[in-house]
Amino acid sequence: RWVLNLQCKGSRNLMSALRRAVEVDFKDKHKSCGLYLLTTGIPDQETHTVSAYVAEVCRGFDLQLHVCLFSVMEDIDSDGIIPARYANPTETAIAFKEIVRAANGRFHWFGEAGIFESDDITVIVSEMEKANNYSQKCAFLVESLKQRS
């Protein structure tokens with residue numbers, strides 16, 4: 001169920017947006033089970049502060065926070081606003097992975113060049129590797145049974 005679209009209005013004040021979502025918009029709407037953050041940079045607040053908040057809130061509301069990070073090549077956003085806190089794309093991804101883990105959610109990182117990292121794709125690749133491994137074991141078993149007979 002889609003509830004709202006939060007915008008930080010030129011900043012990356014994630015705590016304010018999360019508080020509004022959880023304490024106002026989700027207050028009596030327990031049917032929602034996920035928050036999706038689409039972002040291009042690191043939050044204004046320290047990672048450990050955001051992680052602690054989402055860990056507490058997500059347990060209390062049975063929510064998950066999922067993050068889609070889009071890496072852009074410029075340090076300044078399209079409006080020319082310099083963010084209050086800066087981190088390079090790798091540092092930003094590491095911070096959001098920590099936040100997502102605290103919120104029991106999923107992390108996806110992509111840019112103009114394509115997908116850099118995705119929890120969903122990692123799970124799919126892992127399943128494919130398991131299936132390939134089982135297939136090889138089955139083929140080995142069939143071959144050994146053929147040789148016995």
Side-chain angles (χ1 to χ4, degrees), residues 1-140:
R1 180 174 173 202
W2 295 96
V3 177
L4 65 131
N5 173 18
L6 290 177
Q7 295 180 354
C8 295
K9 309 242 183 198
S11 75
R12 294 188 181 137
N13 189 347
L14 180 58
M15 288 295 290
S16 175
L18 287 173
R19 281 190 181 116
R20 175 164 179 237
V22 173
E23 296 170 9
V24 176
D25 296 307
F26 279 130
K27 189 172 184 174
D28 296 319
K29 299 174 185 167
H30 297 287
K31 293 179 183 175
S32 298
C33 59
L35 293 172
Y36 291 83
L37 173 64
L38 308 175
T39 185
T40 59
I42 197 157
D44 290 345
Q45 297 80 19
E46 293 293 327
T47 303
H48 62 86
T49 303
V50 178
S51 293
Y53 178 75
V54 297
E56 179 183 335
V57 166
C58 288
R59 275 192 300 267
F61 282 95
D62 194 26
L63 283 173
Q64 294 177 326
L65 173 66
H66 309 289
V67 172
C68 296
L69 172 63
F70 183 76
S71 287
V72 292
M73 298 304 157
E74 300 173 6
D75 292 343
I76 299 173
D77 74 7
S78 60
D79 296 328
I81 299 170
I82 299 173
R85 186 169 172 237
Y86 175 79
N88 69 39
T90 302
E91 293 167 338
T92 301
I94 290 167
F96 275 117
K97 280 194 271 187
E98 180 181 324
I99 292 167
V100 163
R101 299 300 172 255
N104 201 23
R106 297 186 322 269
F107 176 72
H108 310 284
W109 178 22
F110 60 100
E112 295 162 346
I115 299 169
F116 301 123
E117 183 177 340
S118 170
D119 288 346
D120 292 346
I121 291 174
T122 300
V123 169
I124 291 169
V125 168
S126 174
E127 289 297 317
M128 291 170 59
E129 288 171 350
K130 284 181 193 175
N132 185 42
N133 186 25
Y134 289 136
S135 176
Q136 289 175 352
K137 287 179 181 178
C138 288
F140 178 75

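Just so you know, these numbers come straight off a predicted model, no measurement behind them.
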Output the distance between atom [atom1] ([X]) and atom [atom2] ([Y]), rounded to the nearest 0.5 Å.
{"X": "S135", "Y": "F140", "atom1": "OG", "atom2": "CZ", "answer": "14.0 Å"}
{"X": "I124", "Y": "E129", "atom1": "CD1", "atom2": "CD", "answer": "12.5 Å"}
{"X": "E117", "Y": "T122", "atom1": "CD", "atom2": "OG1", "answer": "6.0 Å"}
{"X": "S16", "Y": "R20", "atom1": "OG", "atom2": "CZ", "answer": "9.0 Å"}
{"X": "I121", "Y": "I115", "atom1": "CD1", "atom2": "CD1", "answer": "3.5 Å"}
{"X": "F96", "Y": "T39", "atom1": "CZ", "atom2": "OG1", "answer": "4.5 Å"}

Non-hydrogen side-chain atoms of [X] and [Y] separated by less than 4.5 Å:
{"X": "K137", "Y": "N133", "answer": "yes"}
{"X": "K97", "Y": "W109", "answer": "no"}
{"X": "M15", "Y": "N13", "answer": "yes"}

Item to check | Charged N-O contact under 4.0 Å between E98 and R101 | outcome: no
Which atom of [X] lies closest to which atom of [Y], heavy atoms considered:
{"X": "N104", "Y": "Q64", "result": "O-NE2, 3.1 Å"}
{"X": "D120", "Y": "H108", "result": "OD2-CE1, 3.2 Å"}
{"X": "V54", "Y": "A102", "result": "CG2-CB, 4.1 Å"}
{"X": "P43", "Y": "I99", "result": "CG-CD1, 4.3 Å"}
{"X": "T47", "Y": "A95", "result": "OG1-CB, 3.3 Å"}
{"X": "F116", "Y": "S71", "result": "CE1-CB, 4.1 Å"}

Next on the checklist: Among L65, I42, L18, exactly one meets side chain to side chain contact (heavy atoms under 4.5 Å, CB included) together with V50. Which residue is that?
Outcome noted: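 Going through the options one by one, the only one that passes is L18.
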Item to check | Stepwise ring pair (Phe, Tyr, Trp, His ring centres under 6.0 Å) check, F110 with F70 | outcome: CA-CA 5 Å; F110 60 100; F70 183 76; 5.2 Å; yes
